[in-house]
> 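First the structure, which I've put down as structure tokens, then a few questions once you've had a look.
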Amino acid sequence: MAYQALEIEKKWQKFWTENGTYKVEVDTSRPKFYILDMFPYPSGAGLHVGHPLGYIASDIYARYKRLFGFNVLHPMGYDAFGLPAEQYAIQTGQHPAITTKNNIARYREQLDKIGFSFDWTREVRTCEPDYYKWTQWAFIQMFNHFYDKKTDKALPIEGLISHFSTKGSVDVQAATDFEGDFSSEQWQAMSELEREDILQQFRLAYRADITVNWCPALGTVLANDEVKEGLSVRGGHPVEQKMMKQWCLRVSAYTERLLKGLDNLNWSDSLKEMQRNWIGRSEGAEVQFDVKGSNESFEIFTTRPDTIFGVTFMVLAPESDYVSKVTTTEQKAAVEQYLNEVSKRSERERLADVKKVTGVFTGSYCIHPFSGKEIPIWIGDYVLGGYGTGAIMAVPAHDSRDYAFAKHFDLPIVQVVEGGDISKESFDAKDGIMMNSDLLDGLSVKDAIAKMLETVKSKNLGRHKVNFRLRDATFSRQRYWGEPFPIYYKDGIAVPLKEEELPLELPEVDAFLPTEDGDPPLGRAKNWHNRDGLPFELSTMPGFAGSSAYYLRYMDPRNDKALVSKEANEYWQDVDLYVGGAEHATGHLIYSRFWNMFLFDTGFVCKEEPFKKLINQGMIQGRSNFVYRVKNSNQFVSLGLKDQYDVQEIHVDVNIVSNDFLDIEAFKAWRPDFKDAEFIFEEVEEEGKSIQKYRCGYAVEKMSKSLYNVVNPDLIVGKYGADTLRLYEMFLGPLEQSKPWNTNGIEGVYRFLIKLWRLFQDANDEWIMIDDEATKEELKVLHTCIKKVKEDMENFSFNTSVSAFMICVNDLSKLKCHKKSILGPLVVLLSPFAPHICEELYQRLGYQGSVSDATYPELNESYLVESSHTYPISFNGKTRFTMDLDINASKDDIEKVVLSDERVQKQIEGKTIKKLIIIPKKIVNIVC
RNA sequence: GGCCCGGUGGCGGAAUGGUAGACGCGCUUGAUUCAAAAUCAAGUAUCUUCGGGUGUGCGAGUUCAAGUCUCGCCCGGGCCACCA
């Protein structure tokens, strides 16, 4: 019987489902291992071959760990709230819940064909009320906590309230925007609204007027990581800055811990670096500058306090509060005109021409705190309102942006660090010796920074300050398809629902668009208020809300009393291996860590960090094909001849191209306008004959429907089976590397499976399994494979383990080995990669049950030892010849044999041997 | 502009500082076949006077020995970016 992939796969997938093979429970008698994939957003386009890459890798590792007796939690679910379903709903009127449900069904069908060992009984969907109940619950917890800097953790807000009412604001060290002081009497005299205004500035989930990224096309605000180069990540629409009252999460309270925690995580360096950059810690000083002729003063932030004597002007951000305070009457008109211009420029435009210098003089001057000189105060849009204090001291000699500004407005440039050529460009280097700097002269930059910090502190002019780039996360979206906030408003005060009132279910609306008053879609819902008629919040939560704690829910997905029970959490602890794309580095992976740290602080989970080890699978790119149409004609010219014509390059569906040769008939049928296409072929040698063929061009691009380069995994599975797809995706190259999909090589791994199958059959295709004892040679083949595969598995080097299997099967074929004692372990070894065929062969060998209940074969290195080995003999590092030597011999014996060899004597004749290097099993090097 | 990753045959890619190119694709030759497909066997970096020489983007360095380590360039990819 030949290898029938589809039949076998259907049979075993059914077996796994019926027997609940991959269902897991808490089992304290066994060690746990939690392997997680980033759950997908079920888009309408379905899966392409790139999507399952990470899932296959994690599935292989999960199956591998099971063979070692681990109780492996390996769940899957769907990140089901989100913009695309809602955009589709706006266009078609189809309810997003229905679209989402259909898409999920399609995803599930595609995933099932690949033979994953997910425990589907633990599936979660973020859009289901019994799931988002716990997203809402976590939000309320954050609302009811503040961050205490003394104990460095989140504490209940009640504690803060009682502190305020007994001691006032004295002695409070918390992560807050609140500035000012009040006594307990003042607190008690405040109205409820006034108190809540203050408390909002402490809560970890709070509402505030902030500058947000507003996307008019999507009708919603977006978080920083949802905006790239002034455009929305979803849809690529322009984004503008706008002041709005929004719900936020005080992520900034956790910056230090988010940063420090990275040191102990087993993540790739590049990913950790991305997070560090995004958090953007920078150490410097806040220094106060007095405004001349007034009582006003303002603070600036700088990382280079050493250059303070090089300050020749100050710059305020256009949105800075000080702008109005320092603008003189003479300059008022000019400043207003400038502010008006700036506000009209979109974020996109501002970023597009960063080289364009704009600014205006306020008319006021600062007094330099050391030299006493007058320094003009300017306004410039290269200073950002949201970072530091929104004001800078400009040192044009040592900062390229200040330099450009100074050159443009003809402001003085004073060099204070030796080096560079200030007449041409600024000298930004952080080393050198100070000059023109009074008390700092002669010091190195490093020492000068330290000394200036000290001086500034002692003179009460400023203080040491650490700034972060990471801001609080904007948490509301003016959208329909998301979690409703469990919040209602009473006299303008936000009040959370009680836990027993959750979930607050998403209401029905008559359209998925804003109301006529400009309220979010939830403004259309009928009876969108609580029992007392108090109105609910109209915005919904962002996409990252539901994905921030889903890994915890998998531990205990049907629990309606808690997000996760203590028992389940203490058993499963945290994710041992997380596999997913690097694109979530600054979004999901920051929010999840924040969310988890908060739950850790409040005692709901036992681990501070959620993801111990993380692997980013590389993207599988598409390999697009092109045809070349001669301009203004219906003629298509083959790749080799295209340079002789004036042609237009057109993407052609890769599914009608094979080895870059176009299927002419399929092409004509592909699109109506190609029905009457004519072709200019080129000559191609084939089996000695030259024939006419159409050769296509190719390029490696993103896999996308619009480029006609999408390869559907269903097609591959239909033709070769899931085991071949799994092996081939791993064989393509290193997991973490991006690589183009190319179906051309797939025959190789398919042939490998056929060869494996044949090891179980005789010349007449009859099943044959021999109980004879294995020879030493056969054992060596097997154990070489065990050794290599085990090493590779621990390094996630799946491509080389596939190679090891190929070598093993090839060698066993040559040895005509049909022995159970060899094939049994081999099948177990291979089962993580190709589970279906291995289940079948395991059964054919006479074993009962699933191969996933087997034990990983033990490695016996003694089979690998050879008595002789071919050594390269090299002279001064150059190899001259090889020699077979006994590897069990001592170094001295090898040396004796080598030196007595005629060829060696010829080489070293007349020279003295300086050194003799013998590395057992590797090399003999003679240095003359 | 800053940071990170990479550059090896016709292609995808292997190589704890120790025989560069494992494994697969493709290609060549042979066996089998009426023929083809499939399968099996042999070969496949390059030059060569058949001794060997030269080869891992470029140039230097460390070492008995460098694809691998160090420094400086060039090229490609990713991330961040008027973040003071």
Side-chain angles (χ1 to χ4, degrees), chain A residues 2 228-229 268-278 280-282 284 300-304 307 315 317 350-351 353-357 380-384 386-395 398-402 404-405 428 467-471 582-583 585-586 616 618-619 621 659 687 700 727-728 731-734 736-749 751-752 754-755 758 788 791 797 799-807 810 813-814 870-882 913-919 921-928:
Chain A
K228 241 172 218 173
E229 290 167 11
S268 73
D269 289 338
S270 66
L271 198 92
K272 285 203 245 185
E273 203 51 37
M274 264 192 243
Q275 287 215 343
R276 286 195 189 101
N277 287 341
W278 188 258
R281 183 183 200 275
S282 66
I300 56 95
F301 174 72
T302 180
T303 55
R304 295 290 302 274
T307 61
V315 188
R350 201 178 70 81
L351 289 170
D353 43 27
V354 289
K355 294 224 165 64
K356 194 173 150 196
V357 177
D381 73 344
Y382 81 98
V383 177
L384 305 175
Y387 184 76
T389 61
I392 61 150
M393 63 174 208
V395 185
H398 305 290
D399 183 288
S400 53
R401 297 152 303 180
D402 298 345
F405 198 84
D428 294 13
N467 251 327
F468 292 93
R469 214 185 67 101
L470 184 72
R471 323 281 162 79
E583 67 272 18
T586 53
N616 297 121
M619 221 200 338
Q621 295 142 316
N659 287 324
E687 291 130 29
V700 172
L727 282 164
Y728 187 56
F731 188 65
L732 269 177
E736 304 190 49
Q737 190 176 300
S738 285
K739 56 234 159 193
W741 177 265
N742 185 352
T743 312
N744 288 348
I746 201 166
E747 299 278 349
V749 289
R751 270 192 276 252
F752 156 71
I754 293 171
K755 259 186 206 174
R758 284 219 199 94
K788 176 75 177 139
E791 281 168 8
S797 176
N799 54 330
T800 49
S801 22
V802 177
S803 296
F805 284 120
M806 288 178 172
I807 294 169
N810 253 332
S813 306
K814 277 178 197 165
T870 307
Y871 283 76
I873 312 295
S874 60
F875 300 88
N876 295 329
K878 296 267 181 216
T879 310
R880 288 299 144 91
F881 45 79
T882 57
I913 295 173
K914 284 187 198 146
K915 220 182 202 177
L916 193 65
I917 299 151
I918 297 161
I919 299 166
K921 281 177 103 175
K922 292 260 159 109
I923 194 164
V924 175
N925 188 19
I926 300 162
V927 184
C928 307

> Can you check the distance between B/U63 and B/G57, where both ends of the measurement are the P atom (answer in whole Å)?
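Straight-line distance between the two P atoms is 23 Å.
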
> If the P atom of B/U56 is compared with that of B/U46, how far apart are they to the nearest Å?
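That atom pair is separated by 15 Å.
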
> Using atom P in both nucleotides, what's the gap between B/G76 and B/A15 to the nearest angstrom?
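Going atom to atom, P in each nucleotide, I get 27 Å.
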
> Check the pair A/Leu470, A/Arg281 against side chain to side chain contact (heavy atoms under 4.5 Å, CB included), reporting the backbone distance first and the verdict last.
CA-CA 8 Å; A/Leu470 184 72; A/Arg281 183 183 200 275; over 6 Å; no

> Give me the atom names and distance for the closest heavy-atom approach of A/Tyr382 to A/Ala394.
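Scanning both residues completely, I find the closest heavy atoms to be OH-CB, 4.4 Å.
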
> Identify, with sequence neighbours excluded, every residue that meets side chain to side chain contact (heavy atoms under 4.5 Å, CB included) alongside A/Ile873.
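Testing A/Ile873 for side chain to side chain contact (heavy atoms under 4.5 Å, CB included), a comparison that skips the adjacent residues, returns A/Tyr871, A/Phe875, A/Phe881, A/Met883, A/Val898, A/Val904, A/Val924, A/Ile926.
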
> By the 4.0 Å heavy-atom rule, please label A/Pro740 as base, sugar-phosphate, or nothing.
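Counting heavy atoms under 4.0 Å across all strands, no contact is made by A/Pro740.
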
> Expressed as a whole number of Å, how far does the P atom of B/G13 sit from that of B/A36?
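My reading of the P atoms in B/G13 and B/A36 gives 35 Å.
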
> Of all the nucleotides listed (B/C40, B/C25, B/U19), which has the minimum atom distance to the side chain of A/Asn744?
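So the side chain of A/Asn744 is nearest to B/C25.
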
> Write down the distance between CH2 (A/Trp741) and P (B/G13), rounded to a whole number of angstrom.
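About 14 Å, once rounded to whole Å.
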
> Give A/Ile917 one of three labels, base, sugar-phosphate or nothing, depending on what nucleic acid heavy atoms sit under 4.0 Å from its own.
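Base contact.
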
> Identify whether any heavy atom of A/Ser400 sits under 4.0 Å from a base atom; if not, whether one sits that close to sugar-phosphate; answer base, sugar-phosphate or nothing.
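A/Ser400: no heavy atom of the nucleic acid under 4.0 Å.
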
> Would you please test A/Asn467 and A/Ser282 for side chain to side chain donor-acceptor pair (under 3.5 Å) and show each step?
CA-CA 5 Å; A/Asn467 251 327; A/Ser282 66; 5.7 Å; no

> Is the shortest side-chain N/O distance from A/Arg751 to OP1 or OP2 of B/A38 below 4.0 Å?
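For B/A38, OP1/OP2 do not have a side-chain N/O of A/Arg751 under 4.0 Å.
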
> By nearest atom, which of the nucleotides B/A14, B/C4, B/G18 is closest to the A/Thr800 side chain?
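The nucleotide sitting nearest to the side chain is B/A14.
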
> Starting at atom NZ of A/Lys755, determine the distance to atom P of B/U39, rounded to an integer number of angstrom.
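So the NZ-P distance, A/Lys755 to B/U39, works out to 8 Å.
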
> Need one value for A/Ile807: base, sugar-phosphate or nothing, where a base atom within 4.0 Å counts as base even if backbone is also close, heavy atoms only.
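Result for A/Ile807 = sugar-phosphate.
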
> Return the value, rounded to whole Å, for the distance between atom CG of A/Asn277 and atom C1' of B/C5.
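A/Asn277 atom CG is separated from B/C5 atom C1' by 14 Å.
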
> Would you please confirm or rule out a distance under 4.0 Å between OP1 or OP2 of B/A81 and any side-chain N or O of A/Arg469?
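It does, given that an N or O in the side chain of A/Arg469 lies less than 4.0 Å from OP1 or OP2 of B/A81.
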
> May I have the distance from A/Met619 (atom CE) to B/G78 (atom P), rounded to whole angstrom?
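A/Met619 atom CE is separated from B/G78 atom P by 8 Å.
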
> Which of the following nucleotides, B/A84, B/C23, B/G53, is nearest to the side chain of A/Met806?
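The nucleotide sitting nearest to the side chain is B/C23.
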
> Under a 90° cut-off about 0 for the syn range, is B/G9 syn or anti?
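Classified syn.
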
> For B/A84, take OP1 and OP2 only and decide whether either is under 4.0 Å from a side-chain N or O of A/Ser282.
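Looking at the OP1 and OP2 atoms of B/A84, one of them is under 4.0 Å from a side-chain N or O of A/Ser282.
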
> Could you say whether A/Ser738 or A/Ala804 is positioned toward the 5' end of RNA chain B, judged by the nucleotide with the nearest heavy atom to each?
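Looking at the nearest nucleotide for each, A/Ser738 comes out on the 5' side.
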
> Take the protein atom CD1 of A/Ile873 and the nucleotide atom P of B/G52, then report the distance between them rounded to whole Å.
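To the nearest whole Å, that distance equals 14 Å.
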
> What nucleotide, of B/C82, B/C4, B/A41, holds the atom closest to the side chain of A/Lys814?
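Between B/C82, B/C4, B/A41, the one nearest the side chain of A/Lys814 would be B/A41.
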
> Of the options B/A41, B/G13, B/C64, whose atoms approach the side-chain atoms of A/Pro734 most closely?
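Of the options given, the side chain of A/Pro734 lies nearest B/G13.
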
> Describe the nucleic acid contact of A/Arg281 in one word from base, sugar-phosphate, nothing, applying a heavy-atom distance below 4.0 Å.
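Answer is nothing: A/Arg281 stays at 4.0 Å or more from every strand.
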
> Enumerate, in order of first residue number, the stems that involve RNA chain B, defined as 3 or more consecutive Watson-Crick or G-U wobble pairs with both distances under 3.5 Å.
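RNA chain B forms these stems: B:1-7 with B:74-80, B:10-12 with B:23-25, B:26-31 with B:39-44, B:45-47 with B:52-54, B:57-61 with B:69-73.
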
> How about A/Asn616 and A/Leu271: do any of their side-chain heavy atoms sit closer than 4.5 Å?
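The answer is yes, as the side chains (C-beta and beyond) meet within the 4.5 Å cut-off.
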
> Need to verify one output field. Residue with the more 5' nearest nucleotide on RNA chain B, A/Ile754 or A/Asn810?
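Looking at the nearest nucleotide for each, A/Asn810 comes out on the 5' side.
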
> A/Arg276 side chain N/O closer than 4.0 Å to the phosphate oxygens (OP1, OP2) of B/C80?
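So the side-chain polar atoms of A/Arg276 never come under 4.0 Å of the phosphate oxygens OP1 or OP2 of B/C80.
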
> Using the side chain to side chain contact (heavy atoms under 4.5 Å, CB included) rule, take A/Trp741 and A/Gln621 through it: C-alpha gap first, then chi angles, then the decisive distance, then the call.
CA-CA 6 Å; A/Trp741 177 265; A/Gln621 295 142 316; over 6 Å; no

> In whole Å, what is the span from the CD atom of A/Glu747 to the P atom of B/C27?
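Taking atom P of B/C27 as the reference, CD of A/Glu747 is at 12 Å.
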
> Looking at the side chain of A/Leu732, which of B/A84, B/A15, B/G12 is the nearest nucleotide?
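That would be B/G12.
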
> Among the nucleotides B/C79, B/G18, B/U19, which one has an atom lying closest to any side-chain atom of A/Thr879?
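Of the options given, the side chain of A/Thr879 lies nearest B/U19.
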
> With sugar-phosphate meaning primed atoms plus P, OP1 and OP2, does A/Lys788 contact a base, only sugar-phosphate, or nothing at under 4.0 Å between heavy atoms?
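Nothing, no heavy atom under 4.0 Å.
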
> When you measure from the side chain of A/Phe731, which nucleotide among B/G18, B/G12, B/A84 comes out closest?
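Side chain of A/Phe731 sits closest to B/G12.
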
> Of all heavy-atom pairs between A/Met274 and A/Thr586, which one has the smallest distance, and what is that distance?
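Distance-wise, the nearest heavy atoms are O-CG2, 4.3 Å.
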
> Taking only residues two or more places apart in sequence, or in another chain, which ones meet A/Phe731 in a ring pair (Phe, Tyr, Trp, His ring centres under 6.0 Å)?
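Here no residue qualifies.
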
> In whole angstrom, give the distance that lies between atom NZ of A/Lys915 and atom C1' of B/U63.
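To the nearest whole Å, that distance equals 9 Å.
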
> How far does the C1' atom of B/A45 sit from the matching atom of B/G77, given to the nearest Å?
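Here B/A45 and B/G77 have their C1' atoms 27 Å from each other.
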
> Over how many whole Å does the gap from A/Ile746 atom CD1 to B/G12 atom P extend?
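After rounding, the gap between these two atoms is 18 Å.
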
> Between A/Arg276 and A/Glu273, does any side-chain N to carboxylate O distance fall below 4.0 Å?
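Salt bridge present between A/Arg276 and A/Glu273.
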
> Describe the nucleic acid contact of A/Ser803 in one word from base, sugar-phosphate, nothing, applying a heavy-atom distance below 4.0 Å.
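Contact class for A/Ser803: base.
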
> Would you say A/Ile392 and A/Asp402 make side-chain contact, with heavy atoms under 4.5 Å?
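When only atoms from C-beta onward are counted, A/Asp402 and A/Ile392 do touch, with a gap below 4.5 Å.
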
> If we take the P atom in both B/C5 and B/G72, what is their distance in whole Å?
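15 Å, rounded to whole Å.
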
> Tell me whether the side-chain N/O atoms of A/Asn799 come closer than 4.0 Å to OP1 or OP2 in B/A14.
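Yes, because at least one side-chain N or O of A/Asn799 sits under 4.0 Å from OP1 or OP2 of B/A14.
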
> Which nucleotide, B/C82, B/U39, B/C79, lies nearest any side-chain atom of A/Tyr382?
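Closest nucleotide among those given: B/C82.
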
> Under 4.0 Å from OP1 or OP2 of B/C5: is there any side-chain N or O of A/Gln737 that close?
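Looking at the OP1 and OP2 atoms of B/C5, neither is under 4.0 Å from any side-chain N or O of A/Gln737.
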
> Which whole number of Å gives the distance between the P atom of B/A41 and that of B/U32?
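Straight-line distance between the two P atoms is 15 Å.
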
> Determine whether the side chains of A/Ser803 and A/Thr800 contain a donor N or O and an acceptor N or O closer than 3.5 Å.
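The answer is no; no qualifying pair exists.
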
> Which part of the nucleic acid, if any, lies within reach of A/Asn742 when heavy atoms closer than 4.0 Å are counted: base, sugar-phosphate only, or nothing?
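Result for A/Asn742 = nothing.
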
> Taking the side chain of A/Asn925 as heavy atoms from C-beta outward, which of B/A65, B/A41, B/G13 is closest to it?
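Nearest nucleotide to the side chain: B/A65.
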
> Classify A/Lys272 by what it touches in the nucleic acid, base, sugar-phosphate, or nothing, heavy-atom distance under 4.0 Å.
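Counting heavy atoms under 4.0 Å across all strands, no contact is made by A/Lys272.
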
> Given B/U19, is OP1 or OP2 found less than 4.0 Å from the side-chain N or O atoms of A/Tyr871?
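Answer no for this pair, as no side-chain N or O of A/Tyr871 is under 4.0 Å from OP1 or OP2.
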
> Taking the P atom of each, how far is B/U54 from B/A66, in whole Å?
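These two P atoms come out 12 Å apart once rounded.
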
